[in-house]
Amino acid sequence: MEKQTAGRDNLGKLAPKFAELNDDVLFGEIWSREDKLNLRDRSMITISALMAQGLFPQLKSHFILGKKHGITKMEAIEIVTQLAFYSGWPKAWSAFSLINEVYSDETINEIHGGAFGMGEPNTEFSKYFIENSYLKPLNNPKECNVFLANVTFEPKCRNNWHIHHSSSGGGQILICTEGEGWYQEEGKPAQRLKVGDVVTIPANVKHWHGATEDSWLSHIAVEVPVENTKNEWCQPVADEEYEKLV
């Protein structure tokens, strides 16, 4: 931890002993014991204590320090949200204003994809999707005849009706890893998807899948290895069809 001089800078003339204790004992000895508790966790504890007491000038200083110690904007928001129920709603409002000041140069990027991550925008197949999807390959198809990828759909995103053609066997398996979505085969009712659901899609069956209106969806797509396979992309899932599900 870098050496603190805030005590001497602000109170060196008025209260030199206090300034010495602040810089040399509190920050010089207590905060520096990183083998006992790391700086990030110490910042979280201190932020919690200061918010509970409503000490907002000091709280702002420790949001700044916490940011240096690796506390992200999303984590700061989550800390205050948790503390609001224990320390008081008005204090949370004041703390959020401080977070806005301290993290004003940052935007929050939502993280999705479950345990495997979102990957990159699925631009190669974007013409077959309504709204945006993301692709995270999980293995190298050149090293194994089974290909797995984590596919993430933003809310309202769905792929077109499509068919996994095969002369024998084949098809696809979906394993849901985050959020909620839909799977539908032609001529059958749509099936609601939740984390942990597994869908076995037979070869040569027309179907589509995607997220619900208000949730992201991630699933692992497993291509069942057989010879003589090809995918046929068909028409989009019309808004009228999709909105009936909602």
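Computed from heavy atoms alone, side chains included, the values below leave out hydrogens, waters and symmetry copies. We count residues from 1, following the sequence as given. Model, not experiment: these values are computed from the prediction.
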side-chain hydrogen bond (donor to acceptor under 3.5 Å, both in side chains) contacts touching residues 53-66 (sequence neighbours left out): Lys60-Glu101
Shortest non-hydrogen separation from Met51 to Lys91 and the atoms involved: O-CD, 3.3 Å
NZ on Lys73 to CG on Asn100, rounded to 0.5 Å: 5.5 Å
Closest non-hydrogen atom pair between Pro236 and Ile130, with its separation: CB-CD1, 4.0 Å
Side-chain heavy-atom pair Asn231, His164 within 4.5 angstrom cut-off: yes
Neighbour count above 12 (heavy atom, 6.0 Å) for Trp233 CH2: yes
Those residues that, when tested against Ile163, pass side chain to side chain contact (heavy atoms under 4.5 Å, CB included) (two or more places apart): His165, Lys206, Glu232, Cys234
Under the side chain to side chain contact (heavy atoms under 4.5 Å, CB included) test, residues paired with Lys67 that sit two or more places apart: Val102, Tyr103, Asp105, Glu106
Heavy-atom side-chain contact between Leu59 and Phe56 under 4.5 Å: yes
Atom of Lys127, atom of Asn160 and distance for their closest heavy-atom approach: O-ND2, 4.1 Å
Residues Phe63, Ile71; criterion side-chain contact (heavy atoms from CB on, under 4.5 Å); working and verdict: CA-CA 8 Å; Phe63 273 133; Ile71 297 176; over 6 Å; no
Ala238: partners by side chain to side chain contact (heavy atoms under 4.5 Å, CB included), with sequence neighbours left out: Glu240, Glu241
Same apolar cluster: Leu98 and Trp93, side chain cutoff 4.5 Å: no
Residues forming a ring-ring contact (aromatic ring centres under 6.0 Å, His included) with Phe116, sequence neighbours excluded: none
For Ser215 against Gly179, the heavy-atom pair lying closest together: OG-CA, 3.6 Å
From OG1 (Thr200) to CD (Gln172), nearest 0.5 Å: 10.5 Å
Pairwise distance CG(Leu11) to CG(Asn22) - rounded to 0.5 angstrom: 8.0 Å
Hphob cluster co-occupancy, Val80 + Phe85, side-chain heavy atoms under 4.5 angstrom: no
Nearest heavy-atom neighbours spanning Trp182 and Ala211: CD1-O, 3.9 Å
Shared hydrophobic cluster, Val222 / Val224 (ILVMFWY, side-chain heavy atoms < 4.5 Å): yes
Mutual orientation of the aromatic rings belonging to His209 and His207 [parallel < 30°, tilted 30-60°, perpendicular > 60°]: parallel
Parallel, tilted or perpendicular: ring planes of Phe27 versus Trp31, cut at 30 and 60 degrees: parallel
Within 6.0 angstrom of Phe18 CZ, more than 12 heavy atoms from elsewhere: no
Partners meeting side chain to side chain contact (heavy atoms under 4.5 Å, CB included) with Pro155 (sequence neighbours left out): Trp216
Donor-acceptor contacts under 3.5 Å from residues 141-148 side chains, at least two apart:
none

His162 side chain reached by Tyr128 side chain, heavy atoms, under 4.5 Å: no
Residue pairs passing the salt bridge (charged side-chain N to carboxylate O under 4.0 Å, His left out) test where at least one lies in residues 11-32, sequence neighbours excluded: Lys3-Asp24, Arg8-Asp23, Arg8-Asp24, Lys17-Glu20
Please tabulate, for side-chain N and O atoms in residues 184-198, each donor-acceptor pair with protein atoms closer than 3.5 Å (sequence neighbours left out).
from	atom 1	to	atom 2	distance (Å)
Gln184	OE1	Trp208	NE1	2.9
Gln184	NE2	Lys188	O	2.9
Glu185	OE1	Lys188	NZ	3.2
Glu185	OE2	Tyr183	OH	2.8
Arg192	NE	Glu180	OE1	3.1
Arg192	NH2	Glu180	OE1	2.7
Asp197	OD2	Lys194	N	2.7

Connected via hydrophobic side-chain network under 4.5 Å: Leu135 and Phe153: yes
same_hphob_cluster(Phe129, Val237) at 4.5 Å side-chain heavy-atom cutoff: no
Donor-acceptor pair, side chain of Asn150 and main chain of Leu138, under 3.5 angstrom: no
Contacts under 3.5 angstrom, residues 39-47 side chains, donor-acceptor by atom type, not counting sequence neighbours:
from	atom 1	to	atom 2	distance (Å)
Arg40	NH2	Glu75	OE1	2.8
Arg40	NH2	Glu75	OE2	2.3
Asp41	OD2	Asn38	ND2	3.4
Arg42	NE	Leu37	O	3.0
Arg42	NH1	Ile30	O	3.4
Arg42	NH2	Arg33	O	3.0
Ser43	OG	Leu39	O	3.3
Ser43	OG	His69	ND1	2.8
Thr46	OG1	Arg42	O	2.8

Where at least one partner belongs to residues 113-126, residue pairs that pass salt bridge (charged side-chain N to carboxylate O under 4.0 Å, His left out), sequence neighbours excluded: none
Spacing of OG belonging to Ser32 relative to CG belonging to Leu26, to within rounding of 0.5 Å: 10.0 Å
CD-OG1 distance between Glu78 and Thr72, expressed to the nearest 0.5 angstrom: 10.0 Å
Contact summary for Ala203 and Ser166, nearest pair of heavy atoms: CB-CB, 3.8 Å
Check: Thr177 main-chain N/O paired with Ser218 side-chain donor or acceptor under 3.5 Å: no
Pair listing, side-chain hydrogen bond (donor to acceptor under 3.5 Å, both in side chains) test, anchored in residues 130-139, at least two apart: Asn122-Ser133, Asn132-Glu154
Nearest-0.5 Å distance, CD1 of residue Ile173 to CD1 of residue Ile201: 9.0 Å
